[in-house]
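Here is the structure we will look at, set down as structure tokens.
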There are 2 protein chains.
Amino acid sequence: MEVKSAVTSLAALAHEGRLAAFRLLVQAGGEGLAAGELARRLEMLPNTLSANLNILANAGLVVSQRDGRSIVYRAQYDAMRDLLGFLVEDCCGGSPEICAPLFKTVNDCC
Amino acid sequence: MEVKSAVTSLAALAHEGRLAAFRLLVQAGGEGLAAGELARRLEMLPNTLSANLNILANAGLVVSQRDGRSIVYRAQYDAMRDLLGFLVEDCCGGSPEICAPLFKTVNDCC
DNA sequence: TCCATATTTCCAGTATATTCGAAATATGAG
DNA sequence: CTCATATTTCGAATATACTGGAAATATGGA
């Protein structure tokens with residue numbers, strides 16, 4: 001992952017509303033959620049949410065697909081993994097010892 | 001880690017210059033680097049870098065300590081680990097299968 | 001076709017971020 | 001004490017981001 005791509009992804013997530021939307025989509029799994037359902041759950045105006053989903057999509061963190069009158073958004077797990085990998089790669093360049101606790105974090109969560 | 005804290009950290013890293021500074025500090029290890037040395041390596045004006053280091057420090061990602069005429073900055077590995085943990089925790093809430101490849105990423109790097 | 005629903009696009013106002021020059025502060029050397 | 005070095009703080013200009021209202025687009029149903 002390139003630096004510019006990482007910055008774009010980090011910036012997309014560095015916003016309370018977008019981070020919340022992304023988390024909901026991640027938790028929703030492969031089925032995804034319709035834009036309207038997200039707006040309802042996050043209590044955001046549809047147009048504001050749309051703009052924010054667009055930013056997430058632009059960063060490659062989510063994808064959208066029309067389903068009838070709704071547009072369903074799904075998290076892109078690969079993109080998230082790439083971003084985490086980029087940060088981890090960064091961390092280990094100089095200090096492998098930081099990875100032990102991170103390793104533990106990953107273990108604990110699964 | 002709270003959402004607001006995560007957003008602050010993500011925003012701090014979502015800037016090419018700051019991300020580069022943070023990476024250098026991470027690679028520099030516990031010794032850290034003086035502000036001037038960072039400015040030289042990153043080819044940034046000292047005052048611009050200072051403002052950016054301040055943003056990183058505010059997010060808790062780096063700490064500073066005076067050493068003679070220089071001010072030495074060091075990466076805060078704990079903060080980075082917390083941020084990664086927050087993102088991982090998020091990811092695993094709904095989809096444990098995403099952790100397998102992440103697990104592999106962490107393994108590969110150490 | 002006509003209408004309601006779902007979502008996006010456009011636009012303008014406001015807020016926040018970024019940068020740089022200039023001045024201020026802190027330290028150590030002579 | 002005076003000076004050079006290292007860094008920060010201040011202030012203003014510019015750029016970018018965020019939000020919400022209004023209008024536009026797309027879809028499916030009556």
Side-chain angles (χ1 to χ4, degrees), chain A residues 3-25 28 31-76, chain B residues 3-25 28 31-76:
Chain A
V3 171
K4 279 189 196 298
S5 171
V7 168
T8 302
S9 294
L10 289 166
L13 293 175
H15 177 281
E16 202 164 334
R18 287 195 296 267
L19 185 56
F22 183 69
R23 297 185 89 177
L24 269 185
L25 289 176
E31 306 256 320
L33 286 173
E37 180 61 24
L38 275 172
R40 237 168 285 125
R41 295 203 200 176
L42 297 170
E43 299 181 58
M44 275 197 227
L45 289 177
N47 56 352
T48 299
L49 176 66
S50 179
N52 283 324
L53 286 173
N54 204 40
I55 290 168
L56 286 170
N58 225 307
L61 291 166
V62 305
V63 291
S64 63
Q65 187 174 15
R66 178 174 283 279
D67 175 23
R69 266 179 290 200
S70 299
I71 294 186
V72 174
Y73 283 84
R74 281 179 291 115
Q76 283 293 89
Chain B
V3 171
K4 279 190 196 297
S5 172
V7 168
T8 302
S9 294
L10 289 166
L13 294 174
H15 178 281
E16 203 164 335
R18 286 195 296 267
L19 185 56
F22 183 69
R23 297 185 90 176
L24 269 185
L25 289 176
E31 305 258 318
L33 286 172
E37 180 61 24
L38 274 172
R40 239 167 285 123
R41 294 202 198 176
L42 297 170
E43 298 181 59
M44 273 197 228
L45 289 178
N47 56 354
T48 298
L49 176 64
S50 177
N52 283 323
L53 285 173
N54 204 40
I55 288 169
L56 285 170
N58 225 307
L61 291 166
V62 305
V63 290
S64 63
Q65 189 174 14
R66 178 173 285 278
D67 175 23
R69 266 179 290 200
S70 300
I71 293 187
V72 174
Y73 283 84
R74 282 179 290 116
Q76 283 293 88

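Any value given below was found using the heavy atoms of this structure, including those in side chains, with hydrogens, waters and symmetry copies removed. Proteins come first, then strands; the chains are lettered A, B, ... in the order of their sequence lines, and each starts at number 1. Values in this document were obtained by computation on a predicted structure and should not be read as measured data.
- Taking only side-chain nitrogens and oxygens, A/Tyr73 never comes nearer than 4.0 Å to OP1 or OP2 of C/dA6.
- Taking 4.5 Å as the limit, some side-chain heavy atom of A/Leu38 sits within range of a side-chain heavy atom of A/Leu25.
- The CG atom of B/Asp67 sits 10.5 Å away from atom CD of B/Glu31, with the distance rounded to the nearest 0.5 Å.
- Pairing each heavy atom of B/Tyr73 with each of B/Val62, the nearest pair is CD2-CG2, 4.0 Å.
- A/Leu19 places its CG atom 13 Å from the P atom of D/dC18, with the value rounded to the nearest Å.
- Toward the 5′ end of DNA chain D lies the nearest nucleotide of A/Ala14, the other residue of the pair A/Ala14 and A/Asp67 mapping further downstream.
- The two residues A/Ala35 and A/Leu49 come nearest to each other via the heavy atoms O-CD2, 3.3 Å.
- Within the structure, side-chain hydrogen bond (donor to acceptor under 3.5 Å, both in side chains) contacts touching residues 39-49 of chain A (residues at least two apart or in different chains) are A/Glu37-A/Arg40, A/Glu37-A/Arg41.
- Spacing between atom CG of A/Leu33 and atom C1' of C/dT7 amounts to 15 Å, rounded to whole angstrom units.
- For A/Arg18, whose side chain is taken as the heavy atoms from C-beta onward, the closest listed nucleotide among D/dC18, C/dT18, C/dT7 is D/dC18.
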Below 3.5 Å is the cut-off: list the nitrogen or oxygen pairs between protein and nucleotides 23-26 of chain C, distance only.
none

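- From B/Leu61, atom CG reaches atom CG of B/Leu53 across 11.5 Å, with rounding to the nearest 0.5 Å.
- Less than 4.0 Å separates DNA chain D from at least one heavy atom of each of the following residues of residues 35-50 of chain B: B/Ala35, B/Gly36, B/Pro46, B/Asn47, B/Ser50.
- A/Ile55 CD1 to A/Ser9 OG: the interatomic distance, rounded to the nearest 0.5 Å, is 12.5 Å.
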Under 3.5 Å donor-acceptor pairs involving side-chain atoms of residues 13-20 of chain B, not counting sequence neighbours:
from, atom 1, to, atom 2, distance (Å)
B/His15, ND1, B/Gly17, N, 3.1
B/His15, ND1, B/Arg18, N, 3.1
B/Glu16, OE1, A/Lys4, NZ, 3.1
B/Arg18, NE, B/Ala12, O, 2.7
B/Arg18, NH1, B/Asn52, OD1, 3.0
B/Arg18, NH2, B/Ala11, O, 3.3

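- The CG atom of B/Leu33 sits 11.0 Å away from atom OG of B/Ser70, with the distance rounded to the nearest 0.5 Å.
- Taking atom NE2 of B/His15 as the reference point, atom C1' of C/dT16 lies 13 Å away to the nearest angstrom.
- Residues of residues 51-60 of chain A having a heavy atom closer than 4.0 Å to DNA chain C: none are found.
- Between B/Ser70 and C/dT27, a side-chain N or O to OP1/OP2 separation shorter than 4.0 Å is absent.
- When the P atom of C/dA17 is taken as reference, atom CG of B/Leu13 falls 15 Å away, rounded to whole Å.
- The side-chain hydrogen bond (donor to acceptor under 3.5 Å, both in side chains) search around B/Arg66 returns none, not counting sequence neighbours.
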